[in-house]
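In each ligand, atom 1 is the first atom listed, and ligand 1 is the first ligand listed. Atoms considered below: every heavy atom in the structure, side chains included; atoms not considered: hydrogens, waters and symmetry mates.
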Amino acid sequence: MKHVLISGASVAGPAPAYWLHHHGMRATIVERAAAVRPGGPSHPMDYAFATFSTANFLNLDYSGLSHVAGDRSVNVFASKHNTEARVMFMFPAQDVPRNRDAQQHAVRTAFAQVGWRAQDLLAAMPSATDFYFDELGQITMPTWSTGRVALVGDAGYCASPMSGRGTSQALLGRTCWRANCPHKTLTSRPSRSTKPHYATT
Ligand SMILES: Cc1cc2nc3c(=O)[nH]c(=O)nc-3n(C[C@H](O)[C@H](O)[C@H](O)COP(=O)(O)OP(=O)(O)OC[C@H]3O[C@@H](n4cnc5c(N)ncnc54)[C@H](O)[C@@H]3O)c2cc1C
């Protein structure tokens, strides 16, 4: 019986493990995090983003709005069937702070001169219970696989936070990987059927 080692127990790891088991193979998943991890991407791009939920006071109807002010942007989308709004501020930043008060101060400073509804949305930030802040990172891979080792999910083809759908891509990658991976061998290669999806996302 084939036995596959999978590194990472988030989205792209358990999905192929499920299907390998379904097709009569064994899969062992290793996960370095002891619990749900608060961290994010790794390679700095000198950009940061902050996101949180608030009331849908802009009355967005399954829609979103973006306001671009030079090199920074304010984005707000209806969420949870229009009962809430999801806010995202993106801005240039280096050496991002690691505590919440300093992070919110950095966001306020970056958007202090921005008009539109930025100040209303900033006012909602301190009371948000799901405030999340991180720096943006990107690693460009020349290939998604080598020999019998393949990258799926964010490790191979991470979506932009502005496009979303990273979880879908992680699951879809498993499907296309399997479609391009005859069971007699576990060697993988970038998938012809997957690439158009990533290009459009
Ligand atoms: C703030 C935020 C909001 C998002 N919102 C959405 C959204 O609304 N919709 C959406 O579809 N996507 C969203 N995404 C993207 C989505 O979370 C990712 O695309 C998805 O989690 C990718 O899954 P993955 O399994 O490929 O990678 P990850 O979720 O990054 O999982 C990788 C796992 O591997 C583990 N690991 C790393 N190194 C090792 C090692 N050496 N040994 C063992 N284990 C290791 C890590 O601990 C981790 O558990 C969001 C991401 C962020 C950060």
Side-chain angles (χ1 to χ4, degrees), residues 3-20 27-45 47-54 56 60 62-66 73-91 93 96-98 100 103-104 106-107 121 125 128-141 143-146 149-178 188 190-191 194-195 197-201:
H3 192 173
V4 180
L5 177 65
I6 296 174
S7 174
S10 177
V11 179
Y18 172 86
W19 286 104
L20 287 165
T28 297
I29 307 178
V30 293
E31 168 58 58
R32 73 174 176 186
V36 176
R37 73 205 155 95
S42 56
H43 186 76
M45 294 173 67
Y47 250 81
F49 72 102
T51 179
F52 58 89
S53 298
T54 187
N56 184 7
L60 297 166
Y62 294 96
S63 59
L65 294 168
S66 291
S73 68
V74 187
N75 312 275
V76 56
F77 309 93
S79 67
K80 297 188 178 172
H81 298 289
N82 295 335
T83 59
E84 292 184 3
R86 188 85 193 158
V87 184
M88 184 185 289
F89 290 96
M90 296 187 71
F91 59 101
V96 298
R98 289 295 165 199
R100 182 182 163 124
Q103 291 167 348
Q104 295 199 354
V107 181
L121 295 166
M125 184 170 64
T129 56
D130 58 354
F131 177 80
Y132 181 95
F133 183 100
D134 213 333
E135 59 192 313
L136 289 182
Q138 182 185 44
I139 299 170
T140 303
M141 304 292 292
T143 177
W144 298 345
S145 65
T146 178
V149 178
L151 298 174
V152 289
D154 280 5
Y157 36 83
C158 183
S160 160
M162 295 308 295
S163 67
R165 302 184 70 186
T167 304
S168 306
Q169 289 194 166
L171 293 169
L172 183 74
R174 183 279 311 159
T175 307
C176 297
W177 176 67
R178 185 165 61 86
S188 180
S191 151
T194 316
K195 279 210 160 171
H197 176 77
Y198 302 139
T200 53
T201 300

Discussion item. Tell me whether Y132 has any N or O atom under 3.5 angstrom from an N or O of ligand 1.
Written reply: no
Worksheet item: Considering only heavy atoms of G153, which atoms of ligand 1 have at least one such atom less than 4.0 Å away?
Response: 26 (O)
Worksheet item: When only distance counts, is E31 in polar contact with ligand 1, meaning an N/O pair under 3.5 Å?
Response: yes
Response to the item:
Numbered in order shown, the ligand 1 atoms found under 4.0 Å of a heavy atom of V11 are 21 (O), 23 (O), 25 (O)
Item to complete: Decide whether an N or O pair under 3.5 Å exists between A170 and ligand 1.
Response: no
Practice prompt. Using atom types as modelled and distance alone, determine if a side-chain donor or acceptor of E135 lies under 3.5 Å from a backbone N or O of V96.
Written response: no
Worksheet entry | Qualifying residue, where the test is side chain to side chain contact (heavy atoms under 4.5 Å, CB included) with I6 and the options are I29, V30, T28 | I29
Worksheet item: How close do A50 and F131 get, heavy atom to heavy atom, and via which atoms?
Response: CB-CE1, 3.9 Å
Practice prompt. Before signing off on this row, confirm whether A155 and ligand 1 have an N or O atom pair separated by under 3.5 Å.
Written response: no
Worksheet item: Hey, is ligand 1 close enough to A12 that some N/O pair sits below 3.5 Å?
Response: yes
Practice prompt. Go through ligand 1 atom by atom and flag the ones less than 4.0 Å from a non-hydrogen atom of T167.
Written response: 10 (C), 11 (O), 12 (N), 16 (C), 19 (O)
Response to the item:
ligand 1 atoms nearer than 4.0 angstrom to some heavy atom of V30 are 43 (C), 44 (N)
Worksheet item: Hey, is the main chain of N82 close enough, under 3.5 Å, to the side chain of N56 for a donor-acceptor pair?
Response: yes
Discussion item. Check the orientation of H81 and Y62. Use parallel for under 30°, tilted for 30 to 60°, and perpendicular for over 60°.
Written reply: perpendicular
